[in-house]
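A short worksheet on the structure shown next.
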Amino acid sequence: MVRRIDVTGAGGVRLAAWEFGEPPKAGPDKAVPGPGRAEAGRGEAEPGRPFVPAQAEAPEPYEPPEPPEPPDTGLERTDGVLLLHGLMGRASHWAPTARWLAERHRAVALDQRGHGQSEKPPQAAYTREAYVEDAEAALEQLGLAPAVVIGHAMGALTAWQLAARRPDLVRGVIICDMRASALGAASQREWEDWFKAWPMPFATLADVRKWFGEDDPWVERPNPARGEFYAEVMHEGPDGWRPVFEPQQMLVSRETWVYDAHWEELAQVRCPTLVVRGLDGELGRAEAQEMVRVLPHGEYAEVADAGHLVHYDQPEAWRVAIEPFLDAVLAG
């Protein structure tokens with residue numbers, strides 16, 4: 001079961017948070033339909049090979065923060081996990097992960113500003129600070145802290161920036177296929193051209209799946225999971241299927257991080273952090289291992305036969321890669 005809980009983010013933007021699992025015995029919120037359609041056509045893969053490079057100096061022992069006094073939300077307290085999707089994503093992309101997490105933990109996926117069923121005000125700030133403050137607000141208003149924050153791509157950057165800024169709220173971070181290096185102006189121009197190439201509106205969802213899974217120039221070989229990923233972020237209008245987000249807002253959000261490197265903030269993350277990459281993803285092995293070296297308490301894992309959408313391409317192998325880390329952090 002999934003239920004929606006509204007969160008007030010930075011600047012008063014209304015955000016949709018989705019709690020997975022059995023509803024609590026008390027509380028004013030009612031269960032509602034989930035944030036998106038269920039996934040289909042997923043395969044299994046062998047788990048990635050864990051690797052932790054040696055560090056020059058032993059880091060100081062990590063002491064998890066004491067849980068802050070939670071607000072009275074009527075929710076039962078358990079170990080909290082906050083899931084943050086990437087650019088153009090939505091909370092429903094985390095559904096397979098959130099469901100198995102909810103068996104033992106309190107798992108909440110957030111539709112970030114401009115995405116999913118959260119507000120998309122045209123004048124709202126789509127800055128790094130706003131995204132981080134939104135995640136901070138979710139942890140505090142939902143009584144999840146100190147939580148493990150799991151982020152994919154842009155959501156991973158938000159996770160480690162939040163951990164650096166508010167270590168009292170975060171007890172562990174999982175970074176899924178996000179680079180710490182600057183990507184530059186050429187990357188932003190490529191994205192602008194890519195959005196212009198979308199053949200919108202799409203006549204049917206089958207057309208969405210085919211274009212993003214096969215016909216998109218960025219697709220090297222047929223990828224049904226990628227087609228399904230983008231089908232989840234479409235809605236039907238009078239003229240056909242279009243994304244639930246505004247592409248221009250996505251470009252504005254993206255330009256707030258692509259021109260800068262984020263190594264300094266990464267080094268400020270004091271809690272245990274797992275860096276996960278797909279073998280065919282955007283985060284290369286050398287950069288991922290350098291991220292692990294920079295992190296005071298970093299670990300590394302990779303998932304075979306996965307691209308950038310690691311948790312979506314190979315959900316079973318993704319679970320094998322992250323579950324031991326989660327168990328260790330949440331048991332600590």
Side-chain angles (χ1 to χ4, degrees), residues 2 15 17-21 35 39 47-48 50 64 78-87 89-112 115-116 131-132 134-136 138-139 142 144-164 166-167 169-178 229 266 269 271-278 281 283 288 291-292 295 297-303 306 308-332:
V2 185
L15 307 171
W18 303 90
E19 182 163 10
F20 289 73
E39 295 71 15
T78 59
D79 293 327
V81 180
L82 180 66
L83 300 126
L84 301 175
H85 60 73
L87 190 72
R90 65 185 306 166
S92 65
H93 287 149
W94 287 114
T97 298
R99 288 190 181 106
W100 64 258
L101 281 171
E103 295 173 4
R104 289 188 294 165
H105 312 296
R106 187 169 168 223
V108 176
L110 182 68
D111 275 334
Q112 299 183 77
H115 296 75
Y131 279 104
V132 172
D134 288 347
E136 181 180 343
L139 290 177
L142 300 177
L144 286 172
V148 172
V149 184
I150 303 175
H152 172 246
M154 179 190 75
L157 176 58
T158 300
W160 87 62
Q161 289 179 328
L162 174 62
R166 290 292 307 272
L169 297 181
V170 183
R171 66 193 300 179
V173 173
I174 296 179
I175 297 169
C176 180
D177 215 65
M178 180 62 184
F229 180 95
L266 197 68
V269 178
C271 62
T273 303
L274 178 66
V275 179
V276 185
R277 62 177 290 267
L283 176 62
M291 290 169 68
V292 171
L295 285 159
H297 301 276
E299 300 180 33
Y300 173 74
E302 57 188 32
V303 178
H308 178 57
L309 308 176
V310 182
H311 60 298
Y312 206 87
D313 283 345
Q314 303 292 351
E316 296 301 325
W318 158 254
R319 177 175 181 173
V320 171
I322 71 169
E323 195 165 25
F325 173 84
L326 274 170
D327 289 345
V329 170
L330 291 174

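All values below were derived from every heavy atom in this structure, side-chain atoms included, with hydrogens, water molecules and symmetry-related copies excluded.
Side-chain atoms of Arg277 and Tyr300, non-hydrogen and from C-beta on, do get closer than 4.5 Å to each other. For the pair Leu110/His85, no side-chain contact is recorded, criterion being any heavy-atom separation below 4.5 Å from C-beta on. Counting heavy atoms from C-beta outward, Cys176 and Trp318 have side chains that approach closer than 4.5 Å. Residues Val303 and Asp313 are not in side-chain contact: their nearest non-hydrogen atoms beyond the backbone lie 4.5 Å or more apart. In this structure the side chain of Leu142 never reaches within 4.5 angstrom of the side chain of Glu19, judged on heavy atoms. The shortest distance between side-chain heavy atoms of Met154 and Leu84 does not fall below 4.5 Å. The side-chain heavy atoms of Ile174 and Phe325, taken from C-beta on, include a pair separated by under 4.5 Å. Using a 4.5 Å cut-off on side-chain heavy atoms (C-beta onward), Leu266 and Leu295 make contact.
Checked against side chain to side chain donor-acceptor pair (under 3.5 Å), Thr158 has the following partners two or more places apart in sequence or in another chain: Arg128. Applying the salt bridge (charged side-chain N to carboxylate O under 4.0 Å, His left out) criterion to Asp177, with sequence neighbours excluded, gives no partner residue. Scored by the ring pair (Phe, Tyr, Trp, His ring centres under 6.0 Å) test, Phe229 finds His93, Tyr312 as partners (sequence neighbours excluded). Partners of Ala156 according to the side chain to side chain contact (heavy atoms under 4.5 Å, CB included) rule, which considers only residues two or more places apart in sequence or in another chain, are Ile175, Met178. Take Ala98 and apply the side chain to side chain contact (heavy atoms under 4.5 Å, CB included) test, not counting sequence neighbours, and it matches Phe20, Leu83, Ala107. Annotation: side chain to side chain contact (heavy atoms under 4.5 Å, CB included) contacts of Ala147 (sequence neighbours excluded): Leu139, Leu144. Take His152 and apply the ring pair (Phe, Tyr, Trp, His ring centres under 6.0 Å) test, not counting sequence neighbours, and it matches His308, His311.
Taking every heavy atom of both residues into account, Leu283 and Val276 meet most closely at CD2-O, 4.4 Å. Nearest heavy atom pair, residue Ala159 against residue Val149, reads CB-CG1, 3.5 Å. Contact detail for Val132 and Leu162: the closest heavy-atom pair is CG1-CA, 3.9 Å. The minimum heavy-atom distance between Glu136 and Leu169, with the atom names listed, is CG-CD1, 3.7 Å. In terms of heavy atoms, Trp18 sits closest to Ala91 at CD1-CB, 3.5 Å. Minimum heavy-atom separation, Val173 to Ala163: CG2-CB, 3.8 Å.
Counting only residues at least two apart or in different chains, salt bridge (Lys or Arg N to Asp or Glu O under 4.0 Å) contacts with residues 320-332 comprise Arg104-Glu323, Arg104-Asp327, Arg319-Glu323.
From Leu274, atom CG reaches atom NE2 of His297 across 14.5 Å, with rounding to the nearest 0.5 Å.
A donor-acceptor contact shorter than 3.5 Å is absent between the side chain of Asp79 and the backbone of His105.
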**OP:** Decide side-chain contact (heavy atoms from CB on, under 4.5 Å) for Leu15 and Gln112; before the verdict, give the C-alpha distance in whole Å, the side-chain angles of both, and the deciding distance to 0.1 Å.
**Re:** CA-CA 7 Å; Leu15 307 171; Gln112 299 183 77; 6.0 Å; no
Original post:
When you look at Leu330 and Arg171, which way does the side-chain contact (heavy atoms from CB on, under 4.5 Å) test go after all the steps?
Top reply: CA-CA 8 Å; Leu330 291 174; Arg171 66 193 300 179; 4.0 Å; yes
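Under the side-chain contact (heavy atoms from CB on, under 4.5 Å) rule, Val81 has a single partner from Thr97, Val329, Leu101, which is Leu101.
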